[in-house]
Amino acid sequence: MFYCGIVGFTGINYQSTPILLKGLEKLEYRGYDSAGVFVPNQALGTDQLVREKGRVADLEALVATKNVEGTSGIAHTRWATHGVPSVENSHPHLSDDGKLYLVHNGVIENYLELKNEYLPTVNFHSDTDSEVAVQLIGKFLDEGLTTFEAFKKALTLFGDSAYGFLLMNRDEPDRMYVAKRKSPLLIGVGPDFNVVTSDAVAMLDQTHDFIELHDGEVAIIDPKEVQLFDEAGNAVERAPFHLDIDASETDKGTYPFYMLKEIDEQAIVIRHLLDRYLDANGIHIGQAILDEIKAADRLYIVAAGTSYHAGLVGARMFEKWAGIPTEVHISSEFAYEQPLLSEKPFFIFLSQSGETADSREVLQNVNADGFHSLTLTNVEKSTLWREATYALPLLAGPEIAVASTKAYIAQVTLEAILAYALAGDKVDFNLHQDLSEIAVAIQGIVDDKETFDAVAQEYLIDSKNAFYIGRGVDSAVTVEAALKLKEISYVQAEGFAAGELKHGTLALIEDDTPVIALITQAKTAGLVRGNLSETSARGSKTYTIVTKSLAKAGDNYILPDVNELLSPLVTVVPTQLLAYYTSLGRGLDVDRPRNLAKSVTVQ
């Protein structure tokens, strides 16, 4: 299940519709095959439920033709899991008696059993698990329970399913009911309004103060009051936290796509991390974190997707600089096929969102076993942040494009700082100077971005497949390079250690097959060139990305020389730009590739 977008608003003397629609625009990167909004008009005694297949812009166009006015409302942008993209399967969903409106993120795993047992006579209008939830709450409401009681009773039947629910009763037009388990929801607070959102960026125009919801908690939200209850029904007091993010950071500004903006911000991200963790006065990482890692006999990096690829790079730094044996694991595999652990393990979780469901499953197992952990994430107060022993922010700022770029740079950079801090006098280079030079190198590459537009036109736009090859740490970058290309341009791409070419992949090389080589490691540079020649002999169209000291006549793109283990911070940027321009040249939506969404929060 992919993470869709939820927003809700209730206030005094406000018009909720524009606030809800703008919130959906901010969340469209979370889901974008359909969208909907429900706004009750207390003054007129009417409801407006408007849903539309397609993008938020399609919903906005439809809303403009209707009189959708009121001081409260809920809205949702969806990415299909149960049921095809359609108006009927869009949220909000409506109970059979027409009283309850519900939006939902997550998966109700036992929805068919509940439907058959409790709702055999209900006339369903969608194929979603979410409608089962609202119909079930409606059934309990019809049996005489209050809205809150019916809501809580339904929650007890969903087992360990993942959900983020936002519910309204048309008879209580200024009140919202909220519950969550394994799916992030925040309550935003204001002087005469309150909001609900699955991502704070959606409501930064309204407030920067948010109350985090924990799993199993339920809330009743009115314009002037937030009542929070734990799973047992006990009242909970929790102060809001302030999110210090400029709302303008979530806008594209003059950029055509978020991805290009985020690529351009990568040099700044490194400088932010240096300012926070490694300045002229030394290293600023909590000593408790360093002591615990030093006491470990093995590190286990757990992550998924791009974060996993960042872990592949970080593992080399922990081993080669700090001398700590390190393993990197895909979280969805580790959760159910846990390897034999060392006697004193320490876990590092990498996640852009801090809500990755598979990683959380591993973290819960780690906590149950009494092991300690560190989360590196871009979202403070997220689930992985709260539940790990320690957490450090990536400081990358909001990342909106589905294809992660600056979060990868932030993860690798922070891993480098952490490994450097652990290494102490085992290393004799100046990491602050090295990273400062890398920030300059990245800026030079993004300033030269049009070069990669031409390369994409020549090599990739008309190609069905492509290969990235490299050795050592370069091979770790090739898998990220291939992921970027395939996820936004739909070119079937593969990245792997160059020496593996002869073990099968050469059979796929045909005339004009693009093969792109990364060459930054002195001891393997000749080997990679030999592997590249093997593909050329079979008709491939080759392109080299090489550091200056290893360059030869005929190489295509020359990068500045940097610390070899830090080279992924530089080599990845051309591959990001190649993916961007290939997608752009194919006329695709760079920020919102088909079948994908930003964060996977349910297994």
Side-chain angles (χ1 to χ4, degrees), residues 29 32 252 255-266 305-306 309 399-409 442 444-470 474-496 505 508-519 532 535-536 539-546 555-559 568-598:
Y29 69 103
Y32 40 86
K252 290 198 297 281
Y255 288 89
F257 290 98
Y258 280 107
M259 185 179 178
L260 188 61
K261 175 177 182 282
E262 289 158 12
I263 290 172
D264 276 8
E265 291 172 346
Q266 291 179 126
T306 289
H309 301 158
E399 188 178 66
I400 307 300
V402 166
S404 178
T405 53
K406 64 178 180 175
Y408 173 89
I409 291 290
I442 290 175
I445 296 168
V446 298
D447 288 345
D448 191 32
K449 59 174 67 72
E450 288 78 9
T451 294
F452 300 101
D453 188 2
V455 176
Q457 292 281 346
E458 181 179 353
Y459 283 79
L460 296 170
I461 284 174
D462 296 321
S463 180
K464 293 182 179 179
N465 52 20
F467 298 94
Y468 281 94
I469 63 171
D474 289 336
S475 71
V477 181
T478 65
V479 292
E480 173 61 13
L483 174 62
K484 284 295 151 287
L485 186 61
K486 63 189 173 188
E487 69 183 339
I488 65 169
S489 74
Y490 318 147
V491 173
Q492 192 284 319
E494 186 177 353
F496 54 91
T505 305
L508 301 176
I509 302 299
E510 300 174 341
D511 288 346
D512 294 327
T513 300
V515 180
I516 302 169
L518 307 182
I519 305 174
L532 196 61
T535 72
S536 296
S540 71
K541 192 171 186 177
T542 63
Y543 188 86
T544 52
I545 299 173
V546 190
D555 281 328
N556 300 101
Y557 197 80
I558 311 302
L559 299 169
L569 292 167
V570 179
T571 54
V572 77
V573 181
T575 71
Q576 295 168 344
L577 289 165
L578 284 174
Y580 172 83
Y581 283 112
T582 303
S583 178
L584 192 68
R586 288 182 161 214
L588 303 174
D589 188 333
V590 175
D591 289 337
R592 302 180 180 93
R594 68 189 182 197
N595 302 335
L596 301 176
K598 184 64 179 172

Whether T544 side chain and N556 backbone form a donor-acceptor pair below 3.5 Å = yes

Salt-bridge test for D511 and K541: reply yes if a basic N is under 4.0 Å from a carboxylate O, no otherwise.
-> no

With the side chain counted from C-beta on, respond yes when K252 and D591 share a heavy-atom pair under 4.5 Å apart, and no when they do not.
-> yes

If we only count heavy atoms from C-beta on, is the I469 to I516 side-chain gap below 4.5 Å?
-> no

Return yes if a side-chain donor-acceptor contact under 3.5 Å exists between T535 and S540, otherwise no.
-> yes

Short question: side chain of E262, backbone of I400 - any donor-acceptor pair under 3.5 Å?
-> yes

No-hydrogen, no-angle side-chain donor-acceptor test under 3.5 Å, E480 and T575 | no

Within a strict 4.5 Å, meaning less than it, do heavy atoms of the L569 and Y408 side chains meet?
-> no

Heavy atoms, side chains only, cut-off 4.5 Å: are V515 and L532 in contact?
-> yes

What are the two closest non-hydrogen atoms of V446 and V573, and how far apart are they?
-> CG1-CG1, 4.0 Å

Please test L584 against F257 for side-chain contact (heavy atoms from CB on, under 4.5 Å), starting from the C-alpha separation and ending with a verdict.
-> CA-CA 10 Å; L584 192 68; F257 290 98; 3.5 Å; yes

Cationic tip of R586 above Y490 ring, under 6.0 Å, 45° of axis = no

Do side-chain atoms of S475 reach the backbone of G470 as a donor and acceptor pair under 3.5 angstrom?
-> no

Does Y557 have its ring centroid less than 6.0 Å away from the ring centroid of F452?
-> yes

Heavy-atom side-chain contact between F467 and P514 under 4.5 Å | no

Heavy-atom closest contact (V402 atom, R592 atom, distance) = CG2-CA, 4.4 Å

Is E265 salt-bridged to K406, going by a charged N under 4.0 Å from an acidic O?
-> yes

Evaluate the side-chain proximity of L485 to L578: yes if any heavy-atom separation is below 4.5 Å, no if none is.
-> no

Is a side-chain donor-acceptor pair under 3.5 Å present for D474 with Y468?
-> no

Less than 4.5 Å apart, any side-chain heavy atom of Y580 and any of T405?
-> no

Are the side chain of S463 and the backbone N or O of L460 linked by a donor-acceptor pair below 3.5 Å?
-> no

Examine distances only and state if a side-chain atom of S583 and a backbone atom of I488 form a donor-acceptor pair shorter than 3.5 Å.
-> yes

Hey, does the side chain of K484 reach the backbone of A481 with a donor-acceptor pair shorter than 3.5 angstrom?
-> no

Considering non-hydrogen atoms only, spot the tightest contact between E487 and P593 and give its length.
-> O-CB, 2.8 Å

Verdict with supporting geometry, V546 and L559, side-chain contact (heavy atoms from CB on, under 4.5 Å) | CA-CA 6 Å; V546 190; L559 299 169; over 6 Å; no

